[in-house]
Each structure stands twice: as structure tokens, then as C-alpha cells.
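First up is the structure itself, then whatever we jot down about it.
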Amino acid sequence: MPQARTPVSITTPIYYVNDRPHIGHAYTTTLCDVWARAQRLDGRDVFFLTGTDEHGAKVEKSARERGITPQALADENSEEFRKVMALFGLSNDDFIRTTEARHESQVKLFVQRLLVSGDIYLGEFEGWYDEGQEEYVTDTRAKELDYKSPISGKPLVRAKEHNYYFKLSAYASKLEAFFDAHPEFVRPLGRFNEVRGRLREGLQDVPVTRTNFSWGIGMPGAPEHVIYVWIDALFNYATALGLAEPSGAVARARGKYWPPEYHVIGKEILWFHAVVWPAMLMALEIPMPKCVYAHSFWISNGQKMSKSLGNFIDLPTIEAYFAKYGLDAWRWYMTTQGPIGTQDADFSPKHFHEIYTAQLVNTFANCASRTSSMIEKYFAGAMPDAETASMPISAAVGASTWSAFTEATAADVQKRYANFELAEAADAALSVIRAVDLLINETQPFKLAKDPANLPQVARILGVCAEGVRIAAVLLLPIMPTKCSEVLAAYGSPMESEMATGGVAEAARWGRLAAGTRISKCAPFMRVDAPAV
RNA sequence: GCCGAUGUAGCUCAGCUGGUUUAGAGCGCUGGAUUCAUAACCCGGAGGUCGGCGGUUCGAGUCCGCCCAUCGGCACCA
């Protein structure tokens, strides 16, 4: 049960500035946005965090190639990601960058604490080193290569270096116990089992510093060692809330948002989030996040996305969808058709178009349109005055009443949003629309209206329809904020921001649409031409 | 190679601990009905060896074995 006013938070990974924004970033962030909006709509205090990861050898290298400083490259690309947030209408409450002073200073404090506690120690690493590539290769890989560099053909050499390590191995049994006690810590279940299985195989300590590049946060007391980007990056979730300085101003204001309900990530970074990060939090005695949700990947027209195939769904491609179908249609597709489970999902122009037409045009928009149109025609555009709450939703025996049905549906939708079952929430919300359509088909108000004696009956039917459309629009606001606001405006209802105070139950309460309210014709999604291919 | 999933109508998938007789839904396709609505809504149809083979059982998409295909994980990779 969502305890009314408990503060909640959600995070995306911070995006690596060496990448260009693409559908993967857009997807993760959109899911978080939908969740965050749903919680706000329910009257909760929400903190939605995203940002950029800006250190590391790759950024250093790219900057060198372009002849600019790493910071300049990071500034440029971080800005690019920020623009994307705006373009997608994302409602994040903060945008953290790992090159910001507020982050760096706290990472040092955290690492310092781990040094003192002995969870981070100076160790020695020895392995096969490729001098030409300046990198180590694993023992098994070295053997495969016959101990020669795959690039230069020169022999690999045995090399040693000092690194700081995090004592991950010391947390193996604690982690196992934690996983056993929290079967929903990693979702979906398939991912949980994957991690749980690997945990059983034992853990090795992980290096937390590097010495072969310098673009990063220096190790306290040993600046020649640079904190490994992964460790640096994970801390963003805590530094944004000021957790390294518990008595500081930031922590006093934002500490209430810890622990997050969800760290939403892609499956490729599950190990760090589900094992390394929790162990670090244990070492720092910080409470665990509630859930690490690892979604899968979008594939494109049945094939893995790759630059060489040219089927990458990049920003320009996405913007073309915005132009044709609109932002909200894009959000609907992301939310309802995405790879939120263990399986990858296919993105194709044809599928996008079918979903748009079937669900948004033919179902949602058509229902809003036929209802508003009849009210216009038969009641001069004013919400009819009639008792509707006790009306059964259909002629079927044992059918529940409209007020009971929508109350239960609203509760179900909200529960599913909260539980990160976003597609299920969407479908449940749409069930109200389907019920309205069914009612119209069963009662045929357009036929009854031909005889003025039937007007009271028509009033009752259309009153139900209008209230149903309004409630569905409320429930779909988190996914389609712009279009649903349009529908609500046409149905004379308050905007999203005004209705959050009483939570979803109040916003979706039957009967809020007062008799006499001006209702204007409304068609939120228009039919568009099918894609060429 | 090792470990783990998945494989059901054109597509995406439901089918819990085996047995309501002709295996379901949505979309797509197709015939009809209808007009309040954006050729939409509504009704009907279209017949898929339930990946393959073998087994357990009175009886198996539903249990067991083997095989095939696809996918994921195998740690320092953002």
C-alpha cells in the first residue's frame, strides 16, 4: 500500500558522455519518468535523478583525438544529454555530473571512509600485459592468443602494478543472505536468479583505481591512482542526496529520499548495481535500495542495433517519430511495448504504426471523440445532469457499477505503476475506455436520441461516457502528459498539477465531472499514413 | 565449453500443481452489420503436427529423457 506521503525516489544510470544519445538512454529515462509522474499524481514527494558519467580512459582518449580537454568534451556531451531530457519532456528533479565538485568531494569522503574501515586496501595485481595496447589481458585470453599481442604480434609480458581494491569477497555471505531475504531486490525474476547464481560461485575483490590514465577523481592520499569510473559513477546515487555529509545542508533536505525505490538500469550493468554497489553500501552502512530493475534491449527490425548495420535508433530517427506521431505516442510505445522483461523487444516502424493506430487512434482517441461529439450534438456541449454512479457497466448479469468499477481500476492502475508494471498499468487504464465503448454499443444512445422522450436516458449514458473518458485520461497522464491534458481540458477538468493533492483515488473519483461543465469536441490522436516499408 | 531461459495461429504472447468435450487473447487479414465517432466502434470467419524424436500415464502444450533452434549469464567490460 503506498503509504500516502512517504517520499520516494527513482534513478536512471548516469549516461556515459563518450556515447551519443540513442533509444536505450531514451527508454530507461522514459520508464523512470512515467513512474515518477505516476507517483507525483498520487500526491507523493518524488525525487527523480539522472545525469552523466564523465570520467575515464575513453573520454580522455576521445578528447585527445579531438584536440580538446576532457572537461570540454564532457561539457559538450553532457549538454547534449540534457537537451535530450528536455526534448523527451522528462521531469527529472536533478541532473548530476560526475565532474561536479559536489560529487567529487563526496566520492573522496566515501573512499576515505572505506580506506579507514579497511574495505579498500592497496593490493598488487600481476598479469599478462600487452605493451602496445597498454592493457592487461586475462589469463585465459592470453593462453588463447598464445601469449602474443593480437595487434602487434609481440609477446605479452608479465607485469605488475599496484591498485586499490575493494574487499568484495568479504561481503559474499552477507550478500547471499540479503538476496535470500529480498527476492524482489533484483527484477525481473530471471535477472535475480542470474545474479543469485553467480553469487554462489564466489566473489573476488574488485580494483577501484587505475593508474594508466588520469581523467578521474584522484585517490585520497595517492593522487597517482585514479578512482575507477565505475566506482565513481555508482556513487552518484548517494552524492546527489548529500549522503557523504550527513549533517550537511543537502543531506538535510534530500536525505529523506534514500533509499530509492528503483535503480532502473539496462541489463549490461546489472553486476555492478546488484552486487558491487550493494556491497559498498553495506561497507558504508547505508541502507539498501529497494530494487534494482534491469530491463533488456531494444533491437531494430529484428536485428541487434549496430553502427555497421546502420539500424541504430539514434536521436534523429527518434525525432522523426516525434514529428509524425508526437511525443506522447512515442512514450506510449516505449512504455507498453518495451523490453521491460528478460527478453529483448523489437522496434519496427510497422509495429509502431500498428500500436499507434489500434490503441491510441482507434481506442483512446476515438472514444474521447465519439463521446464529446454526442454531448455536443445532443446536449449543446454541456455535461448532462444525471445520476450515473449506480449504473451497471454493462448489461451482463452481475456487472458492477461504474463508480465501483472505476474506483477499483484506478486503484489497480496506481498499484501497477508503483510496482513498475507500466504496461499493465496502461492496459488497465485503457480498460475504462473499452468499457465506455461497450456501453455505447450496447445502448446506442445515438439511436435513442432520435426520440426526445429518451433524452433522460441518453443523458445518463453520455454522462457515464464522459466521466469514463475523463478518468481514463487521468490514469494515463503519467504516460501521455500532453495528450491527456488536452483531453482533460476539453472535458473541463483541472490539470495534472492541480489534481495531485488528493492522490489518484481522488483525482479519478467518480462524479467529479459536474453537470453543466462545458465539454468540447476532442480528438487527441489523428490517423496518419502507414510507413512506406 | 559451462550454467540458465525460451521455442503455442502471419506477428506479440496467455495457458497455475497433466483430463470442461472442436488449444485461447490482442494485433494483422477477411466477410457482415452500423453511423455517435478519425474507413473508426460492433459481430462473425479465417483451422496453429502447441520446435523435433522417444518415454511415463487410462489421458500431456501441461511430467521425464535426448536432439535442434534462438537468447541471456560466465566478473574488472561504462
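Just so it is clear, the structure is predicted and the values come from calculations on it, not from any experiment. First the proteins, then the strands, lettered A, B, ... as listed; each starts at 1.
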note = Out of B:rU34, B:rA75, B:rG73, minimum distance to the side chain of A:Glu194 belongs to B:rG73
key: Side chain of A:Lys377 (C-beta onward), nearest among B:rC41, B:rC76, B:rC36   = B:rC36
ask   = What nucleotide among B:rC36, B:rG72, B:rC41 has an atom nearest to a side-chain atom of A:Tyr378?
value = B:rC36
ask   = Which part of the nucleic acid, if any, lies within reach of A:Pro445 when heavy atoms closer than 4.0 Å are counted: base, sugar-phosphate only, or nothing?
value = nothing
request  = Compare the minimum distances between each of B:rC27, B:rC76, B:rA40 and the side chain of A:Glu354, then state the nucleotide with the smallest one.
outcome  = B:rC27
request  = Establish, yes or no, whether a centroid distance under 6.0 Å links the rings of A:His263 and A:Tyr237.
outcome  = yes
ask   = For RNA chain B, what string of dots and brackets results from 5' to 3' when Watson-Crick and G-U pairs need both distances under 3.5 Å, crossing pairs get [ ], and pairs with another strand get |?
value = (((((((..((((.....[....)))).((((.........)))).....(((((..]....))))))))))))....
Out of B:rU38, B:rA75, B:rC76, whichever nucleotide has its closest atom nearest the side chain of A:Gln204 = B:rC76
message = Assess the residue pair A:Glu194 and A:Arg198 against the criterion (salt bridge (Lys or Arg N to Asp or Glu O under 4.0 Å)); give the C-alpha distance rounded to whole Å, side-chain angles, the decisive distance to 0.1 Å, and a yes or no.
response = CA-CA 6 Å; A:Glu194 220 167 85; A:Arg198 279 179 63 188; over 6 Å; no
query = What is the minimum heavy-atom distance between A:Pro13 and A:Val264, and which atoms define it?
reply = CD-O, 3.0 Å
ask   = Should B:rG61 be called syn or anti, with syn set as within 90° of 0?
value = syn
note = Comparing A:Phe272 with A:Phe297, nearest RNA chain B nucleotide closer to 5' gives the residue A:Phe297
key: Residues A:Glu201, A:Arg196: salt bridge by 4.0 Å N-O rule   = no
ask   = Are A:Glu424 and A:Arg416 close enough for a salt bridge, meaning some N to O gap below 4.0 Å?
value = no
task = State, to 0.1 Å, how close A:Phe364 and A:Leu430 come at their nearest heavy-atom pair, and which atoms those are.
result = CB-CD1, 4.2 Å
ask   = Hey, does A:Ser369 reach any base, or is it just sugar-phosphate, or nothing, if we go heavy atoms under 4.0 Å?
value = base
message = Say we look at B:rG15 and B:rA75: how far apart would their P atoms be, to the nearest angstrom?
response = 33 Å
task = Consider the side chain of A:Met374, meaning its heavy atoms from C-beta on, and name the nucleotide among B:rC36, B:rC42, B:rU38 that approaches it most closely.
result = B:rC36
note = Rounded to whole Å, NZ of A:Lys521 lies from C1' of B:rA40 at a distance of 14 Å
task = Let me see the working for A:Asn362 and A:Arg527 under side-chain hydrogen bond (donor to acceptor under 3.5 Å, both in side chains), right down to the final yes or no.
result = CA-CA 8 Å; A:Asn362 294 355; A:Arg527 173 169 289 273; 3.3 Å; yes
ask   = Is the phosphate of B:rC74, meaning OP1 or OP2, less than 4.0 Å from a side-chain N or O of A:Arg198?
value = yes
query = Which listed nucleotide (B:rU38, B:rG28, B:rA37) is nearest to the side chain of A:Arg527?
reply = B:rU38
ask   = Going by the salt bridge (Lys or Arg N to Asp or Glu O under 4.0 Å) test, which pairs reach into residues 332-345 of chain A, not counting sequence neighbours?
value = A:Lys267-A:Asp344
inquiry  = What residues from residues 183-191 of chain A pass a heavy-atom cutoff of under 4.0 Å to RNA chain B?
reply    = A:Arg191
